[in-house]
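One structure is given here, and the rest of the page talks about it.
Both backbone and side-chain heavy atoms feed into the values below; hydrogens, waters and symmetry mates do not.
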Amino acid sequence: MEENDFLPLSDYQEYSVEEMIRRSGEFFAMARKRRSIRNFSSKPVPHEVIENCVRAAGTAPSGANLQPWKFVVVSNPEIKQKIREGAEKEEEIFYYRWAPNKWLDALTPFGTSGSKPFLTKAPYLIVVFAEMYGVTEDGEKMKHYYVEESVGIATGLLITALHHAGLVSLTHTPSPMDFLNKLLGRPDNERPVMILVVGYPDKNAVVPNIERKSLSEIATFYK
């Protein structure tokens, strides 16, 4: 890589120790309030908010900076209805035909079922696709690196950005999801990862009474 391919790091801002502790604590306090919900309001969401959050997701690090993510934002009622129909068809098969009892038992506290009304009630669906490989102008395949890791980081940023903006979301993963490629006109090199349901909570929204693991359960520190 040539020397002029690099730029000075000009946007970094160093904080005092006290300021870092304050900022990290405030971010944790904000993040810990995030909850996945299934009771959405149909209240419209400004499109600019969604665009800004997707832009934030696009700042994620990625393998070789290939940025192998595509976010397909759907607010069209007819398309949302088709997505719901496709998802419920797959979910019916999952719940009533092949899902193991242990899996169904694990889902019981969340009150899930084959019916997915939130897919049409929420104002936005953001379908996350992973670009498994690139395609050159000559039609040749171009290898992508750490695709799942990169898309996972970007999606986490997107979820956090939506929460920070004052919205709620739900990660929905009907299985299989290949119907989304055809429905949304996505190419063969893209694999659907999840449907992110986005909007405001319904005024009567409820969430499961669950606890998150403590710091000692999720982290190990070597000092």
Side-chain angles (χ1 to χ4, degrees), residues 31 34-38 40 45 49-76 79-95 98-99 103 106-107 110 112-114 116-135 141-165 167-199:
R34 190 209 61 79
R35 293 297 303 267
S36 298
I37 75 157
R38 290 174 171 80
F40 284 84
V45 171
V49 174
I50 302 299
E51 287 186 349
N52 286 337
C53 291
V54 172
R55 287 191 181 100
T59 68
S62 61
N65 193 38
L66 292 174
Q67 305 170 56
W69 43 68
K70 289 292 187 296
F71 301 100
V72 180
V73 182
V74 180
S75 58
N76 181 287
I79 300 178
K80 288 196 296 180
Q81 178 63 37
K82 290 179 180 179
I83 290 176
R84 178 179 175 180
E85 291 171 359
E88 289 184 335
K89 179 180 178 180
E90 301 298 346
E91 292 291 274
E92 182 179 358
I93 296 173
F94 167 77
Y95 277 94
W98 64 265
W103 196 341
L107 293 173
F110 305 98
T112 61
S113 70
K116 308 297 177 183
F118 47 76
L119 292 174
T120 46
K121 183 79 177 289
Y124 279 99
L125 304 179
I126 303 177
V127 186
V128 182
F129 285 85
E131 194 176 71
M132 304 308 294
Y133 57 89
V135 181
K141 291 183 179 181
M142 180 177 66
K143 183 175 177 57
H144 280 178
Y145 305 92
Y146 301 105
V147 174
E148 293 183 359
E149 294 87 346
S150 302
V151 175
I153 295 170
T155 303
L157 272 175
L158 176 57
I159 292 170
T160 307
L162 292 164
H163 172 65
H164 181 68
L167 299 173
V168 293
S169 64
L170 173 70
T171 54
H172 178 50
T173 53
S175 181
M177 288 189 282
D178 51 1
F179 72 93
L180 291 166
N181 283 74
K182 182 178 181 180
L183 179 57
L184 298 173
R186 306 312 302 173
D188 292 340
N189 65 322
E190 293 181 12
R191 177 175 61 81
V193 175
M194 71 176 66
I195 303 171
L196 193 61
V197 189
V198 179

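Tested against V74, the residues I126, I195, L184 include a single side chain to side chain contact (heavy atoms under 4.5 Å, CB included) partner, L184.
For the pair S150 and Y145, the minimum side-chain heavy-atom distance is 4.5 Å or more. Two residues are said to be in side-chain contact when any heavy atoms from C-beta on lie closer than 4.5 Å; V168 and R35 fail this criterion. Within the 4.5 Å cutoff, the side chain of P117 has heavy atoms near those of the R84 side chain.
Taken from CD in E85 to CD in Q81, the straight-line distance is 4.5 Å, to the nearest 0.5 Å. Within the model, atoms SG of C53 and CG of L157 stand 10.5 Å from one another, a figure rounded to the nearest 0.5 Å. Taking CG of L158 as the start and OG1 of T171 as the end, the distance is 11.5 Å to the nearest 0.5 Å. Separation of atoms CZ (F71) and CG (L196) is listed at 9.0 Å; rounding is to 0.5 Å. Distance CG/D178 to CG/L183: 11.5 Å, rounded to 0.5 Å. A distance of 12.5 Å separates OH in Y133 from CZ in R191, rounded to the nearest 0.5 Å.
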- [ ] Kindly indicate, with the supporting measurements, whether the criterion side chain to side chain contact (heavy atoms under 4.5 Å, CB included) is fulfilled by V135 and M142.
- [x] CA-CA 6 Å; V135 181; M142 180 177 66; over 6 Å; no
Task: Stepwise side chain to side chain contact (heavy atoms under 4.5 Å, CB included) check, N189 with M132 - done: CA-CA 6 Å; N189 65 322; M132 304 308 294; 5.5 Å; no
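Contact detail for M177 and P192: the closest heavy-atom pair is O-CG, 3.2 Å. The shortest heavy-atom contact between A130 and V151 is CB-CG2, 3.8 Å. Pairing each heavy atom of V45 with each of P123, the nearest pair is CG2-CG, 3.7 Å. Across all non-hydrogen atoms, the minimal contact from A60 to A154 is CB-CA, 3.6 Å. The nearest pair of heavy atoms linking I79 to N76 is N-OD1, 3.0 Å. Residues I83 and L119 come closest through the heavy atom pair O-CD1, 4.4 Å.
At most 12 non-hydrogen atoms from other residues, nucleotides or ligands lie less than 6.0 angstrom from NZ of K82. No more than 12 heavy-atom neighbours from other residues, nucleotides or ligands sit within 6.0 angstrom of OH on Y146. At most 12 heavy atoms of other shown residues, nucleotides or ligands fall within 6.0 angstrom of atom CD in E148.
F118 and F40 have tilted rings, their planes meeting at an angle from 30° to 60° on a 0 to 90° scale.
If you check the side chains of S36 and R38, you find no donor sitting under 3.5 Å from an acceptor.
For the pair S169 (side chain) and I159 (backbone), a donor-acceptor distance under 3.5 Å is absent. In this structure a side-chain-to-backbone donor-acceptor pair under 3.5 Å is present from N181 to P187. Under the 3.5 Å distance criterion, the side-chain polar atoms of S62 are matched with a main-chain donor or acceptor of Q67. H144 places a side-chain N or O within 3.5 Å of a backbone atom of E131 that can act as its donor or acceptor partner.
Remark: K70 fails to qualify as a cation-pi partner of F129 under the 6.0 Å distance and 45° angle criteria applied to the six-membered ring.
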